[in-house]
Amino acid sequence: MIWIEMSRDNIHGGGEWGFTKCLWSPTYKFCSNKSRKISWLYWNNILNVRQGDIVLHLRGKKHLASFVGYSIAATDGHETLERPPQGGKWNYTTSYFRVLLKDYHPFKTPILLDDFFSIHKNELIKYLKELTEIPINRFFVHQNGRLQCLNGAYLSKCDKKLLSLILRENNEPDTSSGVKKSNSCI
């Protein structure tokens with residue numbers, strides 16, 4: 001399975017909970033009036049990740065958001081009582097969903113999300129219309145005549161069709177860091 005992690009902050013938990021080291025989320029969020037706890041699809045997705053799955057990393061905010069590389073899941077998704085060193089606004093929970101990652105491969109050239117949405121707008125709109133699964137479980141939506149990230153879609157599915165659009169730019173992993181290019185996955 002292929003997943004897309006949409007990470008907006010730079011700290012992302014810090015230490016061994018940091019960006020490209022693991023996926024993590026609280027196990028629940030509060031409804032708008034904070035009177036009850038609710039589950040969230042894009043956080044619960046972490047429990048569906050299996051060792052060996054591919055995780056594409058979408059990093060940054062607004063016009064700087066880019067696909068920057070990919071990692072491999074080193075563990076299955078699980079719930080843990082361990083806590084991120086810097087949980088930030090998610091410090092409220094007593095347990096977290098987590099997947100350890102390995103073998104981060106940065107792209108030589110990050111793929112700007114604005115460019116991706118612009119270049120593939122018609123294909124992506126058609127792609128969304130053809131999806132039959134409910135809920136849709138993708139990181140973006142077509143709303144008010146434009147493509148945009150779905151707020152809170154931290155971890156979403158990526159099928160082969162969406163992956164081929166993302167990688168159409170013939171982007172290769174950056175091997176200058178000494179990390180060997182993997183023959184598997186993408």
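All values derive from a computational prediction rather than experimental measurement.
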For Asn151, look at atom CG and say whether over 12 heavy atoms of other residues, nucleotides or ligands are found less than 6.0 Å away.
no
Keeping the roles fixed (side chain from Trp24, backbone from Trp17), state whether a donor-acceptor pair exists under 3.5 Å.
yes
Would Phe97 and Asn45 count as a side-chain contact (heavy atoms from CB on, under 4.5 Å) if you check the C-alpha gap in whole Å, the side-chain angles of each, and the deciding distance to 0.1 Å?
CA-CA 9 Å; Phe97 298 138; Asn45 276 339; over 6 Å; no
Value for CG (Leu113) from OG (Ser118), rounded to nearest 0.5 Å, stands at 11.0 Å
Answer yes or no: is there a side-chain heavy-atom contact under 4.5 Å between Met1 and Asn48?
no
Hey, are the side chains of Gln148 and Val141 touching, using non-hydrogen atoms and a 4.5 Å cut-off?
yes
Any sub-3.5 Å donor-acceptor pair from Tyr104's side-chain atoms to Phe19's backbone N or O?
no
Has Thr20 got a side-chain atom pairing as donor or acceptor with Gly18's backbone, closer than 3.5 angstrom?
no
Checking Asp76 side chain against Gln51 main chain: does a donor-acceptor pair fall under 3.5 Å?
yes
Distance only, no hydrogens: is a donor on one side chain within 3.5 Å (strictly under) of an acceptor on the other, for Ser7 and His57?
no
Under 3.5 Å, is there a donor-acceptor pair between the side chain of Thr75 and the main chain of Leu100?
yes
Using modelled atom types and a 3.5 Å cut-off, is there a donor and acceptor pairing between side-chain atoms of Arg83 and backbone atoms of Thr93?
yes
Quick check for you: to the nearest 0.5 Å, what is the distance between Lys61 atom NZ and Met6 atom CE?
12.0 Å
Neighbour count >12 (heavy atoms, 6.0 Å) for atom NZ, Lys161
yes
Parallel, tilted or perpendicular: which fits the ring planes of Trp40 and Trp43, with parallel below 30° and perpendicular above 60°?
perpendicular
Determine the interplanar angle of the Phe139 and Phe117 rings, folded into 0 to 90°, and report it as parallel if under 30°, tilted if 30 to 60°, perpendicular if over 60°.
parallel
Will you find, in the side chains of Tyr154 and Glu5, an N or O donor that is under 3.5 Å from an N or O acceptor?
yes
Determine, for Arg138 against Glu133, whether the closest basic-nitrogen to carboxylate-oxygen distance falls under 4.0 angstrom.
yes
Angle class for the Phe107/Tyr70 ring planes (parallel below 30°, perpendicular above 60°, tilted otherwise)?
tilted
